[in-house]
Every structure is written in structure tokens, then in C-alpha cells.
There are 4 protein chains.
Amino acid sequence: MSTFVPTPRNSEAKLQHILLHSAAIFAKQGFAGTSIRDISRATGVSLSGLYYYFESKQKLLYLIQNTSFIFIVERLQRRLDGVYQPETRLRILVQNHIEYFLSHPNEMKVLSHEEEALESPYREEVSGIKRRYYALARTIFDSLKADGLASGVNPRVAVLSLFGMMNWIYKWHKPKVDPNEEELTNAIVGIFLNGVRGGMEESALSTAVSPATTDD
Amino acid sequence: MSTFVPTPRNSEAKLQHILLHSAAIFAKQGFAGTSIRDISRATGVSLSGLYYYFESKQKLLYLIQNTSFIFIVERLQRRLDGVYQPETRLRILVQNHIEYFLSHPNEMKVLSHEEEALESPYREEVSGIKRRYYALARTIFDSLKADGLASGVNPRVAVLSLFGMMNWIYKWHKPKVDPNEEELTNAIVGIFLNGVRGGMEESALSTAVSPATTDD
Amino acid sequence: MSTFVPTPRNSEAKLQHILLHSAAIFAKQGFAGTSIRDISRATGVSLSGLYYYFESKQKLLYLIQNTSFIFIVERLQRRLDGVYQPETRLRILVQNHIEYFLSHPNEMKVLSHEEEALESPYREEVSGIKRRYYALARTIFDSLKADGLASGVNPRVAVLSLFGMMNWIYKWHKPKVDPNEEELTNAIVGIFLNGVRGGMEESALSTAVSPATTDD
Amino acid sequence: MSTFVPTPRNSEAKLQHILLHSAAIFAKQGFAGTSIRDISRATGVSLSGLYYYFESKQKLLYLIQNTSFIFIVERLQRRLDGVYQPETRLRILVQNHIEYFLSHPNEMKVLSHEEEALESPYREEVSGIKRRYYALARTIFDSLKADGLASGVNPRVAVLSLFGMMNWIYKWHKPKVDPNEEELTNAIVGIFLNGVRGGMEESALSTAVSPATTDD
DNA sequence: TATGAATGAGTGTTCATTCAT
DNA sequence: TATGAATGAACACTCATTCAT
């Protein structure tokens, strides 16, 4: 609503226009906290006119999540093509994720935050992509381990911690003050690769704390 | 949790009963997706009767978040008391966080997920506690660095990545199949401490990927 | 709520305290627009405690209206006692009315404005007093006429116009800038007595306007 | 009015239909005592459907008051156009007022009785018109005085007493038994003009009553 | 006398969605 | 393609009133 954006003429472009603005409002107010009227206002399309482009609010959320996710995964697969070194593959995954993140903060927030807002049957479809994405990351981690680059850490915990670091970014990253895509990628890849390679013995770490755990 | 729980007799206990069940529904359906009627049904208290215990839905959310957060922070301060070794202090922070997390998954989800659902003036109050909590973590990280235990990584990014790993847990942790509190703490502390200590040169990592960034 | 007024100790005084404050809130917010909670807040008596003093909101309104009206009428009767000159009797009526009005603006507004808010059987009772009050005024007017002090004006219209002038005062009278009781009484009695005595022929008045009445 | 009235087909007519019936219910039950559900029932429009025509209950009240008032004032200005004799102008004002009154008793009651029910910013707007209407009446009175047709009576009190006589009508006028527009206009204009012209000395009137004022 | 705790019915308003055009 | 008009169901919240203590 801030800067005037004219409603596009052709149908496909208009759907993109709607998805773009809807993602922005969902990001700002949450899915449940957004009304179709809000979307009508923000897009300049009449309330009933919107229903030509999506059949329900659920479907709209699905379109945003699905489009975004497919874009991320397909670009990742293209970028991984022909690259075999585990470390490089991992870095490509992180960089691809964060690049999308910083260039599409609204969509990424909707993807991270509104996972559970989606209902059957859309939910299953999106979580199918999510599972494949996770599986790919897991495969990369496993080959890292096979190369001796990861110590005894639980692989599921390791991979999900990596996603935790990446997906949490939407909660704190401010474009003007925080590192850009490259620096952020370096930092997270650095923490992760050094982190899972180990070095410090786990046992030492855990015993160091034992006095504290007994206090209540 | 769906089994019959009798409504407590005295007033203070009844408020706790309401907070407990409300946290559970908010965790499941989201704050905006939960109606006071849902809460009435779940607690066994009449719709209007609930308003004797909190004056608005916002205040209810505030009560849940505030109570939880204060508990976490105060217990942490008690546990840190008299402990000076940075590594140990960090481990206590992580363990304290994860312990609360796994024992109060509903409250923790409400804390992590419904941060933005809270409005003025409650929001400011809760985010005040959040800032103090983050500042404490940051202090610990700084002393870690002073002891030569952290390389050149951006400290803000490092600390927020640690919170990312921890706070993301609510999205994936299944009590029956996933590691318990101790193992989870070990894994995350391990990744973080080894991760920020560095070792692998950053430059090497970043160049390794450059071919991939040119593909689109 | 503005200045602190302690709740009285004994029962009768406390009822008066409640009636006084209730009249003030009813005057300000209207009867339907006032909740018993508002009254609880303003009087310092607990919500349920109020019901010891009146059995329903309707009864409370009745108590205020009835008390006020009876006071006005009884004082009027006392003041009229032994006075026989029609003009003087009329003046006493107006002065008695306006005196109560300016000294009890809240009660008077509740009396004037909330006439219809009262339901059966209270309504009948209060409107009984009102009818007797009007009948008394009408009697005075009739004797005025018998003395040749009122021209051919419709007596019902005349008397109700007098009440109109008096009862409308609550809509505009500001104690600090508007005339006091005496001046106001003089003005209204003056307009009324001169007004009904006539002089100017009615016919002249009505024809003077005839062109205007035909324009639409 | 309770007989079946079909809902109009076109949108503008339907708004008029809603305003008409709403005025009737507000007149009967008071603004605060009327629920939107009452209006839905009376108009035959669904509860939510009403909100297509007005955005809030306050706005509905505003629409009724504003429409009525503007109609009264504009018609008055048209009728006064080209008329310069103060007495005639006064009579036109009264006749215009009473004509609207008797032909639109519901609207007039809402105007007279629900003045304070309107809140910001609507209130200011309506009271702006009201002030202009009063100012016009005051101007007429002032020229009456300039022509020697009004004695020393306080002009504010005089004009507001005139409005008191007129606006009180809604409290007592019964179309079947009470005088019609013309007679009522004659009576009130007569009382007012003769009343303010004076004749009887004020001093005499006021002293006549002094014994009465000392009795309690 | 007085109140904390409680409630069923109702409040104004918004919701996602539909349908005739 | 697009929309004005409409709706049933639901929303957060308040109401006058009650009752055990």
C-alpha cells in the first residue's frame, strides 16, 4: 500500500503480483492474522476478484510456499550438478538457502513460520518437498562423514541444527546492519564444518558442567 | 493431555491450570488460530468465566510468555552463580535452555513462535527480557573469545546461530525418537564450541564454491 | 472516581451514596450505556455488594427517579400551601422546578432523559407521579385563564411548552456562564406569562407567513 | 410499521430503507438499547449484510442525524431566502422545524434524544451543524430585538427556550389527539413572540414569589 | 453485610466465501 | 475476467445477575 504498484494487465503476471503482495502481508501479520480483505486492499484487486486466482485462502498459502520451495530446490539441484566434493556441496546448499532468504525475506518467513498453517491436502505436498530437501542435506552430511570430516555427532541433530541456524535468520537479520549473503554463508558454513569435525572431546565438555546440574 | 483433568478448586491453581492448557492449544493451533472458545472447551471453564482470570487474549499470551521467560532466565542466573569458566558458563546456558525446552515444549513453542503475536505494551516487556537474555549469552561469548576460544567469526552471528540451533528444536524434536536433554546439549555445545573455535581457514571455504555462484 | 469519597458506614447513608453516584454516571453515559460494573467502580462497592442495595438495574433507576420526583412534588406542594394567586403559584412551580434542576443536574437529567428506559411495573409508578405533577401545572394554568390572564392558546400545548422550556435546560445550561436560578426563573416565567396572555392577534401571525409555506 | 415491507432492489434505495427503519427502532428503544441484530430483524437484511451499508453502529447513527439535520437546515435556508421581516423569519424557522418534526417523528427524536450518543469524530460534525442552526435562530432573534420586538430578556435563554418548546414536542405529541403542524406553529410562535415582547414588569413577577423562597 | 468467583445470553464486528451479473 | 452485494458462522469481549461463603 506504501508505494503505488499498478495492477498488471495479463493474468499470469497478475497472479505473481498477488502472490508477491500476499507473501508480504502474511510475513507481516501471520497467515491466520491476515484477512482476504487485507490482501484485496494490498493488491488493488477486489475481494471477489481474488477468487479467480485462487480458490481459497489455504490454496493461496500453498501457492506461495510451493512456488518458493520448488524454486529453492530446483536451483540447488542445478548448482550441485557436477560438484562432488562434500564440503563444496554443503557450502552450495547453505549459500543457495541464504541467498534466497535474503532476496525473498517475505517468502522465506512464510515458508519457515507458516509451515503448520497449511492443512490437508496441501500440507502433505509441501512437506513432501521439505523432506526431499532435508534428505538431500542429510546425504551431503553423510558423505562428509564418510570423508572423515564429521565426528561422532548425531547426524539428524547435526543437519537439523544447520537448518536451525539458517532458518532462524528471519528472526534477526536486518539488511542494513547485518552481514550480507556471502559473509553470512561463510560464518554458518564455518561454524557447521568446524563444529561437526569435532576436536574437543565431548566427555570433557559434559563433565565440566556436572556441578551446575545438581543445584536444582 | 486430552484425558479429563478436573478444574482445580482454588483461584491461583486455576489460573495455572488455564495457563497450562492455553499454552498447549496455542502451541498446537497458533495464537491467532485459537479462539477463547477453544480455551474454554479445553479448560472446562466457561467462556465468560475465563475473563475473571485474564482481561484479554493478549494478556493471556503475555502471562504465558512472561512466566516462562522469567523462569528460564532466573534459573539460569542461579545456575551461573559462582561459575566463571566461559566454556562451562556457555554449557550451562545451553543446558538450561534445552532442559526447559524439552520439559515445557508447549510454552517454549509459544515463546519461539508467537513472539510477534504479542502487541503493545506487553510486547515491549517481553522483548526486554529477551534482550537481557541475549545480552547475557553475548557476554559469555565475548569472554570465550577473550580466552582465545573463538576465532574471527562475527559475534552477533555466532550467538544468534546458537539460538537458531536451540530454538529450532521445537520444529523437529520428537521425545520418543530424538536424543534426550543431555545428548542434545552435548551435540549443540559441541558444534558451537568447535565451530567458533575455527581451524579451517575461511578463505579456503569461500573460494571452494565460487564456480557454483556463477551459474545463474 | 475523580475525588476520593469514602464509602459510608451505615446502610441508609450508603444507599444514598450509591444513588448519588449512579445518577451521575447515568447522566453522563445514559442508562443503557452504563454497566453495573461502572457503578461498582464509581461507588467503591463490589459488584455483588451492590445487589444488597437494589435488586436490579431497573430498580436502581426507579429509586433515583422516584426519590427525585417525590422530593420535587412534595416540596412544591408545601410551597404552594396557602398561596392562591395564579401568577404566584405558577412562578413557584417554575422556581421549584428550576431550583431542583440546577442543584441536582444529574438527577434531573436522569428524570428528563431516561423516562422511557424504565420498564414495567416501575414505569407506571413514576409516570403516575409525572401525571399528577402535570395535572397540578394544568390546574394552575386553568385558573390563570379563569382570571383572564391567558388568551385562546391550547392549554395542553401551553403547559407542555412550559415544561419544554424548563426540561430542555439540562441540554444547555452551564453553571459558570449561564444565568442562575433566579434569573432563569424570571426569564421563563416572563416568556410564559406574557406569551400566553397574548396580544398580537394569532391570525396576523399566521398569514404573515403564508407565502413561505407554499414553496415546497 | 410492523407490516411487511419488501427490501428494495437497488443499493441506494436499500440504504434509505435501512436508515428509515433504524431511525424507528432508535426512536423506540434508544440508541444504546438497540442492537444491530434488532436492526437486522427490522430491515430484513442479514446481520453481516448491514455492514455493507455502514461501517459501524456509530456511523449509522451519524448518517441518520446528519441527513436529517442537513435537510432541515437547507430547507430552512431556501424558505428564508428573500424574506426580511424578523417576525416572518422567526415563524418560518418554527414552522420548518415543526413540520419536519411531525412528518419525521422518529428522525427528530433521534436528533433530540441521541445527541450525546454520538462519539468523535461524528459528534463534532453534527454539533457543527447544530451550532450553525442555533446561530441562525439567534441572528433572527437579534433583529427582532433591533426592531423593538423583544424586551430585556437574555437572548441566549430566549432562543434556547424556543428550542426547548419545539424539541420537547417529541415527548408528548400524539398525532391523533394533538394539534397539527399549523396550529402547533401558531401556538409556539405566539407564546414566543408575545413572551419576549414583554409587558408585565419582571420586577413585579420576581417579588411576588419571594415569600415562597424562604420556606425551606 | 459484603464479596470472589462464576455464567448464559448477548454485544458489535469480522471472517472466508458465494453468486448474479 | 471482474465485482458489488450478500451471508452464516465465528470472533473477542461484556452484560446483568447469582451464589456459596
Looking at E:dG12, which nucleotide sits across from it as a Watson-Crick or G-U wobble partner, both distances under 3.5 angstrom, or is there none?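 The answer is F:dC11, by the H-bond criterion.
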Which nucleotide, in any strand shown, forms a Watson-Crick or G-U wobble pair with F:dC19, with both distances under 3.5 Å? E:dG4
Backbone N or O of C:Lys130 within a donor-acceptor pair of the C:Ser127 side chain at under 3.5 Å?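 Side chain of C:Ser127 to backbone of C:Lys130: no pair is present.
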Between the main-chain N or O of C:Ser68 and the side-chain N or O of C:Glu107, is there a donor-acceptor pair closer than 3.5 Å? no
If you measure from the Lys or Arg side-chain nitrogens to the Asp or Glu carboxylate oxygens, is any gap between C:Lys109 and D:Glu116 under 4.0 Å? yes
C:Arg123 and C:Glu115 ion-paired at < 4.0 Å: no
Just how far, in rounded Å, is [atom2] of [N] from [atom1] of [X]?
X: D:Gln58; N: E:dG12; atom1: CD; atom2: P; value: 11 Å
X: C:Gln29; N: F:dT14; atom1: CD; atom2: C1'; value: 14 Å
X: C:Lys59; N: F:dT18; atom1: NZ; atom2: P; value: 13 Å
X: B:Ile39; N: F:dA10; atom1: CD1; atom2: P; value: 17 Å
X: C:Asn10; N: E:dT1; atom1: CG; atom2: P; value: 9 Å
X: C:Glu55; N: F:dT18; atom1: CD; atom2: P; value: 10 Å
X: C:Lys57; N: F:dT18; atom1: NZ; atom2: C1'; value: 17 Å
X: C:Leu50; N: E:dT3; atom1: CG; atom2: P; value: 9 Å

Give one of base, sugar-phosphate or nothing for D:Thr34, where a contact means two heavy atoms less than 4.0 Å apart. sugar-phosphate
Regarding A:Phe54, tell me which of base, sugar-phosphate or nothing describes its non-hydrogen contacts under 4.0 Å with the strands shown.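 Contact class for A:Phe54: none.
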Nucleotide nearest [X] when distance is taken to its side chain, options [options]:
X: C:Leu47; options: E:dT13, F:dT17, E:dT11; result: F:dT17
X: C:Tyr53; options: E:dA2, F:dT1, F:dA16; result: E:dA2
X: C:Ser11; options: E:dT14, E:dT1, F:dT17; result: E:dT1
X: B:Ser48; options: E:dA6, E:dA16, E:dT7; result: E:dT7

Would you say a side-chain N or O of [X] is under 4.0 Å from OP1 or OP2 of [N]?
X: D:Ser35; N: E:dT11; result: yes
X: A:Tyr52; N: F:dA2; result: no
X: B:Lys14; N: E:dA6; result: yes

Quiz question: going by heavy-atom distance under 3.5 Å, is there a donor-acceptor pair between the base of E:dG10 and the side chain of D:Arg37? no
Pairwise 5' ranking along DNA chain F for C:Tyr51 and B:Ile36, keeping only the more 5' one: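 This one resolves to B:Ile36.
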Would you mind telling me which residue lines up with the more 5' stretch of DNA chain F, B:Phe31 or A:Gly49, judged by nearest nucleotide? A:Gly49
May I ask you to check whether A:Tyr122 and A:Gln58 show a side-chain donor-acceptor distance below 3.5 Å?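 Checked: A:Tyr122/A:Gln58 side chains show no N/O donor-acceptor pair below 3.5 Å.
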What distance separates B:Thr34 OG1 from B:Lys57 NZ, expressed to the nearest 0.5 Å? 6.0 Å
